[in-house]
Each structure stands twice: as C-alpha cells, then as structure tokens.
Colleague: 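Okay, here's the structure, questions in a sec.
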Amino acid sequence: MSKIKSLADLKKIRDKQVTGLQTRERGEDAENLVQVKVAMATCGIASGAKETMEFMTEALEKRGVEAIVTQVGCMGYCYAEPTIEVKLPGSEPIVFGGVNREKADEIIEKYIKSGELVDGIIPVNYETIESKE
Amino acid sequence: MKEIALHILDIAENCIAAGGDRVVISVTDEASTNLQSIRIEDNGKGMSEEEISRATDPFYTSRTTRRVGMGIPLFRQHAEMTGGGLKIQSEKGVGTIVEATFHKSHPDRQPLGDLEGSWLLLVSSNPGIEWELICSSGAGDFSISTSEIRSALDLDNIRGTELTASLKRMIRNNLDELGLE
C-alpha cells in the first residue's frame, strides 16, 4: 500500500472500505450495550492503561461485541491499576484490577461474553470521581 | 511513564476535566537550540494563581478520590532531568497552557513514543472536544484536527478500529518525515 500522508489519501482508501464503520453509528443506546470504562489518570497511564484501552476497543470490535469503551479519571485504586469498570446490560458495574492484555482478554471471553466472573474483581462500593463531586 | 506521549495523554486528561471544548497539542523540535517542546493548551475553566503554583506539588490535587496528584510533577521532573523545564500559564475562565521543554540530545530524555496512539485515543473517546495536533521540526510541519478529519472523510464520529489504524499510520508517516522522535 502506498504511504498515507494526508486526509485525501485516506479518503481514497476509505471509499474502498466503507463497511464495518457503520455498525456503531446506530443507536447510542448505552443501556443495552456493554460499557467499559478504563481508569486513565496518571496512575493508570503509568501502569499501561493506554494499551489496555486500545486492546479493549480493538478486541471488542473484532469479536463482534457491541460495546462502548470510554475513559474515566482515577477510581481510587492506584495500587491495582490498570483498572476497568465493566457494566453488562442490566447488571451492576464491576471493577477489575490489574487489567493487562491477558486479563482484558479473559474478561472479554469469560465475563463479557458469558457472565462468568474472573479473578481480579475489586470488591467494594466505590464512587467514581464524577459521582463524588 | 516510559514515553512523552504518555505524559501528553495524562496532561490532556486534565484538559478534559477542565471542561473546555478545544485542546491543542503541539510538539516542536527546534534544531537551532536542540530543544523539543511539548505544549498542551485548552480553553477550559483555568486555574487561579494559587492553583497554578500548587499544580507542580505532588501532594496537591483537585480530585477527591485520593490526595496526591502526580501528573504535572512527573512531567516536570522528566523535563528537568534533561535540563529543560515546565511552565504553566492559566487564567480563570480562559484556559490553561502547559508547556514542557526537553533537551533533545540529553541521554535521560524519554522517547516521544506513540504520539499518534495517544492523540487518537483522546479523539475517539472525547467526541465533544475539538482536538488539534501540531507538529513541527526543521524538516517542516504537519497538523491535523478532528474537524478536518470529519469534514474530509464526511464522518460524525472518529472511531472504529480500521479508521483509527489508518489515521495512526498517516500521522506516523508524517512524524517520521519530520524526524520527531
């Protein structure tokens, strides 16, 4: 493939592959989707939250799971970073700690796909920075 | 923090929290002075004089979930390790500019790293903000913004693995050409 240097180059390529991008456009009906929040404060980023988030976004899309992956501030579990909160439709959110690539993969395969709990849950009532203020 | 791109991601999180709708990230290599400067500018709520002076204190934070705030202090430390430094300009209700300078050839300078990845992560997860990335070096300059991408590609949302991957490649090709590292 020739080098993409500008948005014009990109547009040419994109015109050939429009499919796949449309899936998310419909219904931002968050309640019916899997919601993943990645804690992305200094502590999270320093422990690899960026990679976790990139992996989550990509893997969920590739595996056909309709999900919204967003970032949040520090949830207060700096010792357990990277942490993510996963909310399946109709259930209470669960926070997982130490979520590297392997753990993220396990969470998708076991918890998100079949509701099976996996190690690494942070078992507390917590408040996100948004809800606390 | 292993790379400067992660600091950028981290500081930009503060911009999001500041509630503005525009964030400009610039990376500039100044060949004549051998300095690399990283500037992150937002139009959020800004800080008072006192908040500015405390922002570089690791034991100060505006958040309530914990009592330390390491983002800016770490960024400053890494800049100072190379003989550079960090400056904050801010005005209440106007916005904030955080600018760090690094001596490029200093052995302790971290690599710039995955700038395109950091930027696109910010872009795709914060669609309500206009993001701009400006890069320049002696070899030329390159800039990209979310409004530009949206109008060129006729999109509402900038996300999806394929689109992100192509945008990353595009930005990387330009960064390589500028020799930013």
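Chain letters run A, B, ... following the sequence lines, proteins first and then strands; every chain starts at 1.
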Colleague: For B:I11, which atoms come within 4.5 Å of any heavy atom of chain A: side chain, backbone, both, or neither?
Modeller: neither
Colleague: Under 4.5 Å heavy-atom distance to chain B, tell me which part of A:S47 shows up: side chain, backbone, both or neither.
Modeller: neither
Colleague: Where does A:M53 contact chain B at under 4.5 Å (heavy atoms): side chain, backbone, both or neither?
Modeller: side chain
Colleague: If you count heavy-atom pairs within less than 4.5 Å of chain B, which of A:E54, A:M40, A:K50, A:K62 leads?
Modeller: A:K50
Colleague: Report yes if the side chains of A:T52 and A:N100 come closer than 4.5 Å at any heavy-atom pair, otherwise no.
Modeller: no
Colleague: Between B:I144 and chain A, which part of the residue has a heavy atom less than 4.5 Å away: side chain, backbone, both or neither?
Modeller: side chain
Colleague: Could you check if a side-chain atom of A:I122 sits within less than 4.5 angstrom of a side-chain atom of A:Y79, using non-hydrogen atoms only?
Modeller: yes
Colleague: Tell me which of these, B:L121, B:I149, B:L167, has more heavy-atom pairs under 4.5 Å with chain A than the rest.
Modeller: B:L121
Colleague: To the closest 0.5 Å, what do you measure between NE2 (B:H7) and OG1 (A:T42)?
Modeller: 9.5 Å
Colleague: Classify the angle between the aromatic ring planes of B:F75 and B:F102 as parallel (below 30°), tilted (30 to 60°) or perpendicular (above 60°).
Modeller: tilted
Colleague: Mind checking the CG-NZ spacing from A:L117 to A:K110? Nearest 0.5 Å is all I need.
Modeller: 11.0 Å
Colleague: Are side-chain heavy atoms of B:E148 and A:L7 found at a separation under 4.5 Å?
Modeller: yes
Colleague: At a heavy-atom separation under 4.5 Å, does B:T164 approach chain A through its side chain, its backbone, both, or neither?
Modeller: neither
